[in-house]
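In this text the structure is predicted, and so the values were computed from the model without any measurement. Note on naming: letters A, B, ... go to the chains in the order of the sequence lines (proteins, then strands), and numbering restarts at 1 for each one.
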Amino acid sequence: MTPLDRAFYSREPAAVARGLLGKRLARKIDGITMSGVIIETEAYGSSDDPASHAHRGMTGRNRAMFGEVGRAYVYFTYGMHYCMNVVARRGRSDAGAVLIRAIRPELGAAQMSKNRNGRAAISDGPAKLTQAMRISAEQYGEDLTRRGALYIAEGPRIRSITASPRVGIRRGTDLLWNFKVK
DNA sequence: GGCGCGATTCCCT
DNA sequence: GGGAATCGCGCCC
């Protein structure tokens, strides 16, 4: 599987979010490969996006959003969950990212279920996804354009995309920046 | 230094 | 449909 190159992520987060649908997220741990096709994403901007972690400028947590595109921005929330983003922004903007919310499992589905205490559901929520693929703070800043322990690669063509308001946010609900494979 | 709450999930009713 | 779990971050005092 060939990783997407860095130029892919040097665009508006919304364009990257759409573009990531149908791509493959790959994770390798202890010789086991887990992968799945990305089927839901959300775009987050910078100071212009009130729902974004980058809205009020750079902090210790969100600094990855201001760093090199194509790297992972992983954050910890609700005292127990991790969510994974890919840093993406067009040259002029100073920060941005795309939240990976769901995948359709391919390789290693059994291992992913095992990582979720035997639960079958691993494809319908951002924190379920990170738990299934064992993605945590250790992956903060990891380069997803290289064929390493965590990366994103080409995938199958998809038919169509639906755009909706982002999930679980209070502001910026006017933007249709949640994207799903129809 | 203290406090409120979150880009969530699970389990109960 | 609602509340608990659980804690680091971000903002205010």
Side-chain angles (χ1 to χ4, degrees), chain A residues 9 11-21 23 25 27 34 36-67 69-90 93-105 109 111-142 144 150 152 161-181:
Chain A
Y9 302 101
R11 297 180 288 153
E12 297 279 356
V16 175
R18 283 176 165 274
L20 282 174
L21 295 178
K23 300 298 189 287
L25 180 62
R27 177 86 170 117
M34 297 174 277
V37 175
I38 296 170
I39 56 171
E40 184 179 356
T41 59
E42 277 177 4
Y44 286 89
S46 185
S47 53
D48 56 329
D49 178 6
S52 174
H53 288 169
H55 179 50
R56 293 177 178 276
M58 187 163 64
T59 66
R61 174 170 76 156
N62 71 17
R63 69 187 186 282
M65 290 184 73
F66 294 78
V69 301
R71 289 182 178 271
Y73 165 46
V74 180
Y75 67 88
F76 183 66
T77 191
Y78 291 104
M80 66 187 91
H81 297 305
Y82 291 98
C83 291
M84 179 196 160
N85 299 250
V86 195
V87 179
R89 98 180 75 86
R90 196 175 56 176
S93 180
D94 63 348
V98 174
L99 173 67
I100 311 294
R101 287 189 61 90
I103 62 168
R104 175 164 46 76
Q111 181 62 45
M112 289 191 274
S113 177
K114 190 174 176 183
N115 292 340
R116 291 244 320 128
N117 304 316
R119 291 185 177 88
I122 68 163
S123 60
D124 59 344
K128 296 180 187 180
L129 168 62
T130 57
Q131 186 183 15
M133 286 195 164
R134 285 168 60 185
I135 294 166
S136 68
E138 293 177 24
Q139 280 67 50
Y140 193 98
E142 192 146 316
L144 305 177
L150 180 64
I152 298 175
I161 295 170
T162 58
S164 320
R166 290 167 289 180
V167 175
I169 57 165
R170 305 181 64 123
R171 293 171 301 180
T173 52
D174 54 318
L175 298 171
L176 303 182
W177 279 4
N178 171 286
F179 303 101
K180 286 190 284 280
V181 174

Check: Are OP1 or OP2 of C:dC11 and a side-chain N or O of A:Arg56 less than 4.0 angstrom apart?
Finding: yes
Notebook entry, point to check: In whole angstrom, what separates A:Leu129's CG from B:dA7's C1'?
Noted result: 13 Å
Note to self: Rounding to an integer number of Å, can you tell me how far A:Phe76 CZ sits from C:dC9 C1'?
What the structure shows: 11 Å
Notebook entry, point to check: Whole-Å distance between C:dC11 C1' and A:His55 NE2?
Noted result: 13 Å
Item checked: Distance test, side-chain N/O of A:Arg171 to OP1/OP2 of B:dA7, below 4.0 Å -> no
Checklist line | Span that lies between the P atom of B:dC5 and that of C:dG3, in whole angstrom | finding: 15 Å
Note to self: So for A:Tyr78 and C:dA5, does any side-chain atom that can act as donor or acceptor lie under 3.5 Å from a complementary atom in the base?
What the structure shows: no
Notebook entry, point to check: Looking at the side chain of A:Met80, which of C:dT6, B:dT9, B:dA7 is the nearest nucleotide?
Noted result: C:dT6
Item checked: Per A:Arg61 side chain, nearest of listed nucleotides B:dT8, C:dG10, B:dT9 -> C:dG10
Check: Separation of A:Glu40 atom CD from B:dT8 atom C1', in whole Å?
Finding: 13 Å
Notebook entry, point to check: For A:Arg166, which contact category applies under a 4.0 Å heavy-atom criterion: base, sugar-phosphate, or nothing?
Noted result: nothing
Next item on the list: Classify the nucleic acid contact of A:Arg119 as base, sugar-phosphate or nothing, counting any heavy atom under 4.0 Å across all strands shown.
Entry: sugar-phosphate
Checklist line | A:Arg104 side-chain N/O to A:Gly36 backbone N/O, donor-acceptor pair under 3.5 Å | finding: no
Note to self: Please report the interatomic distance CG(A:Asp49) to CD1(A:Ile169), rounded to the nearest 0.5 Å.
What the structure shows: 7.0 Å
Next item on the list: Tell me the partner of C:dC7, counting only Watson-Crick (N1-N3 plus N6-O4 or O6-N4) or G-U wobble (N1-O2 and O6-N3) with both under 3.5 Å; none if nothing fits.
Entry: B:dG6
Note to self: In whole Å, measure the gap between the P atoms of B:dG2 and C:dT6 for me.
What the structure shows: 23 Å
Margin query: Taking B:dA7 as the reference, what is the distance to C:dG1 when you measure between their P atoms (whole Å, please)?
Written below: 22 Å
Notebook entry, point to check: Could you state the OH-C1' distance from A:Tyr75 to B:dC5, rounded to the nearest angstrom?
Noted result: 13 Å
Checklist line | Rounded interatomic separation in angstrom, taking CE from A:Met58 and P from C:dC11 | finding: 14 Å
Notebook entry, point to check: When rounded to the nearest 0.5 angstrom, what distance separates CD in A:Gln131 from NE2 in A:His81?
Noted result: 8.0 Å
Item checked: Selected nucleotide, minimal atom distance to A:Thr59 side chain, candidates B:dT9, C:dC7, C:dG10 -> C:dG10
Margin query: If I take atom CD in residue A:Gln131 and atom P in nucleotide C:dT6, what distance separates them, rounded to the nearest angstrom?
Written below: 14 Å
Note to self: For A:Tyr75 and A:Tyr73, take the angle between the two ring planes, folded into 0 to 90°, and tell me which bin it lands in: parallel under 30, tilted 30 to 60, perpendicular over 60.
What the structure shows: tilted
Margin query: Between P on B:dA7 and CG on A:Leu176, what's the gap in Å once rounded to a whole number?
Written below: 19 Å
Notebook entry, point to check: Counting only N and O atoms by type, is there a donor-acceptor contact under 3.5 Å from the side chain of A:Arg71 to the main-chain atoms of A:Ala64?
Noted result: no
Checklist line | N/O (side chain, A:His81) to phosphate O (OP1/OP2, C:dT6) under 4.0 Å | finding: no
Next item on the list: Determine the contact category for A:Ile169: base if any of its heavy atoms lies under 4.0 Å from a base atom, sugar-phosphate if only primed atoms, P, OP1 or OP2 are that close, otherwise nothing.
Entry: sugar-phosphate
Checklist line | Any side-chain donor near an acceptor of the partner, A:Tyr44 and A:His55, under 3.5 Å | finding: no
Item checked: Among C:dA5, B:dA7, B:dT9, the nucleotide that comes nearest once only the side chain of A:Met65 is considered -> B:dA7
